[in-house]
Amino acid sequence: MKILKDKNCLLTGAGSGIGRSLAIGLAKEGMNLFLADIDIKNLEKVKEEILDMGVKVYIRKCDVSKFEEINEMANDFYQKFGELDLLINNAGTAGGGFVDAIELDEWKRVLDVNLWSIIYSIKVFLPKMLERGSGHIVNTGSGAGIIGLAYHPHYVASKFAVVGLTEALYSELYNTGIIFSVICPIRVRTNIGRSSPIDFDPQLFTVTDQEEIKKKFENFKECFAVEYFKAGVEPAFAAKKYIKGIKKNRLYIFDKRILRLALLIKGIAFKRGWKAIIRKQRKEDYAAIETCLIKSGLSTKEHLKNTLGNRI
Ligand SMILES: NC(=O)c1ccc[n+]([C@@H]2O[C@H](COP(=O)([O-])OP(=O)(O)OC[C@H]3O[C@@H](n4cnc5c(N)ncnc54)[C@H](O)[C@@H]3O)[C@@H](O)[C@H]2O)c1
């Protein structure tokens with residue numbers, strides 16, 4: 001979508017992080033904004049930041065993992081804004097841990113928020129866009145939708161699906177006038193790490209008292225959020241890149257060149273280069289987990305080695 005001024009955008013997950021920065025960036029471009037999030041208090045703060053930028057701003061609470069809520073939000077949107085020019089399905093959650101410690105409910109939660117929300121959104125908003133023969137749908141995927149990162153199997157599964165779904169829609173609806181993009185962030189310093197569950201088998205801990213585990217786990221999460229995102233970028237920086245990509249109608253929108261390089265290596269050196277990259281990534285991520293489990297007092301290097309054995 002080359003010109004954003006005076007056009008209408010519906011953006012989910014606008015209360016924090018990337019969504020908040022996208023909202024501010026799009027308002028600067030002159031877009032009217034219908035902002036949704038499950039956290040209405042944060043949305044109110046974002047609205048305050050945008051109010052005197054001279055664009056129309058409306059906020060609405062919506063749990064995107066529920067079809068009925070997206071449907072009701074759509075009715076509200078069309079009543080208040082009329083036409084939908086840009087739909088950004090950005091709301092998302094993360095999750096981490098070791099695959100055997102992640103319960104089915106947690107798999108379902110992550111897939112509901114990250115994948116089903118986009119399926120619902122497409123079901124609800126696509127027909128009117130097709131009727132009109134215009135519109136731009138942007139889904140927030142992830143670098144984890146391109147690289148199979150260890151210790152986030154449910155998140156990776158949801159984001160690979162979002163990337164694949166966006167490509168499939170781009171392909172199927174190429175001549176309809178609708179544009180599709182997928183944003184693939186990597187390590188943007190937002191709230192996502194702190195707000196998402198991380199699941200470990202309690203055997204990994206040297207501590208057994210439940211209260212103590214709970215307290216130390218908070219320290220672990222804080223440590224991990226810092227370690228994991230230390231090479232990250234700020235959301236405002238990333239959002240600028242995403243808006244540039246939206247204006248250029250790009251199918252893939254990256255905030256770091258490394259993902260393009262990764263795709264190239266996946267294509268030309270799959271057997272040796274790619275597998276080495278994913279194994280190296282696992283080592284780095286394990287090192288961050290280990291450091292934080294030890295620093296937070298939940299475990300020791302020796303105990304982890306004894307419990308995890310050849311999985312390290
Ligand atoms: N931060 C990163 O490094 C990173 C990397 C890759 C992908 N992403 C993706 O970027 C998107 C934005 O994440 P972020 O990093 O800004 O995180 P964030 O936690 O700061 O923001 C996510 C927002 O989504 C909202 N949300 C969560 N569940 C919701 C639901 N069920 N209904 C409605 N709103 C809901 C949250 O309230 C929050 O405001 C997500 O899709 C995430 O997966 C982020």
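All of these numbers come straight from a predicted model, not from anything done at the bench. Indexing begins at 1, ligand by ligand and atom by atom, following the structure's order. All residue numbers in this chain count up from 1 along the given sequence.
Residue nearest to atom 30 (C) of ligand 1, selected from Ile183, Asn139, Val64, Val110: Val64 (by heavy-atom distance). Nearest-heavy-atom check against atom 26 (N) of ligand 1 across Ile192, Ile38, Asp112 picks out Ile38. Comparing heavy-atom distances from atom 4 (C) of ligand 1 across Ser65, Pro185, Ala239 singles out Pro185 as nearest. Compare Ile18, Thr140, Asp37 by their heavy atoms: the one nearest to atom 25 (C) of ligand 1 is in Asp37. Here atom 35 (C) of ligand 1 lies nearest to Ala91 when heavy atoms of Ala91, Ser16, Ser196 are compared. The nearest non-hydrogen atom to atom 6 (C) of ligand 1, considering only Gly17, Ser117, Ala14, Ser142, comes from Ser142.
Between Tyr155 and ligand 1, at least one pair of N/O atoms sits closer than 3.5 Å. Looking at Val188 next to ligand 1, an N or O pair under 3.5 Å apart turns up.
A distance of 14.0 Å separates CG in Leu115 from NE2 in His154, rounded to the nearest 0.5 Å. Interatomic distance, Ile70 CD1 to Ser65 OG, rounded to the nearest 0.5 Å: 8.0 Å.
Residue Phe229 approaches ligand 1 through these ligand atoms, each under 4.0 Å from one of its heavy atoms: 3 (O). Ligand-side atoms of ligand 1 in range of Cys62: 32 (N), 33 (C), range being under 4.0 angstrom from any heavy atom. Taking every non-hydrogen atom of Gly92 and a distance limit under 4.0 Å, the qualifying atoms of ligand 1 come out as 22 (C), 24 (O), 27 (C), 40 (C), 41 (O). Of all atoms in ligand 1, numbered sequentially from 1 with element shown, those under 4.0 Å from a heavy atom of Arg187 are 3 (O). Close contacts of ligand 1 with Asp63, meaning ligand atoms under 4.0 Å from a residue heavy atom, involve 30 (C), 31 (N), 32 (N).
Across every non-hydrogen atom of Ala91 and Val64, the tightest pair is CB-CG2, 3.8 Å.
Nearest protein heavy-atom contact of atom 28 (N) of ligand 1 is Val113 CG1, 3.7 Å. The protein heavy atom nearest to atom 15 (O) of ligand 1 is Thr190 OG1, 2.6 Å.
Looking only at distances, a side-chain donor or acceptor of Arg132 sits under 3.5 Å from a matching main-chain atom of Leu84.
Taking a cutoff of 4.0 Å between a charged side-chain nitrogen and a carboxylate oxygen, Glu211 and Lys215 do not qualify as a salt bridge. Using a 4.0 Å cut-off between charged side-chain N and carboxylate O, Glu302 and Lys305 make no salt bridge. In this structure, Arg189 does not pair ionically with Asp255, as no charged nitrogen and carboxylate oxygen lie closer than 4.0 Å.
The closest approach between Gly141 and ligand 1 falls below 4.0 Å for a heavy atom of the residue. Under a 4.0 Å heavy-atom criterion, Ala94 is not in contact with ligand 1.
When the options Asp85, Asp6, Asn8 are evaluated for a side chain to side chain donor-acceptor pair (under 3.5 Å) with Asn32, the one that passes is Asn8. When Leu126, Leu169, Ile88 are each tested for a side chain to side chain contact (heavy atoms under 4.5 Å, CB included) with Ile137, only one passes: Leu126.
Under 4.0 angstrom from ligand 1, the non-hydrogen atoms of Lys159 all belong to its side chain. At a heavy-atom cutoff of 4.0 Å, ligand 1 is contacted by both the backbone and the side chain of Asn90.
With Tyr78 as the aromatic partner, Lys128 meets the cation-pi criteria of under 6.0 angstrom to the ring centre and within 45 degrees of the ring axis.
The aromatic rings of Tyr120 and Phe67 stand perpendicular to each other, their planes meeting at an angle above 60°, with 30° marking the opposite boundary.
Under the 3.5 Å distance criterion, with hydrogens and angles disregarded, no donor-acceptor pair is assigned to the side chains of Ser16 and Asn191.
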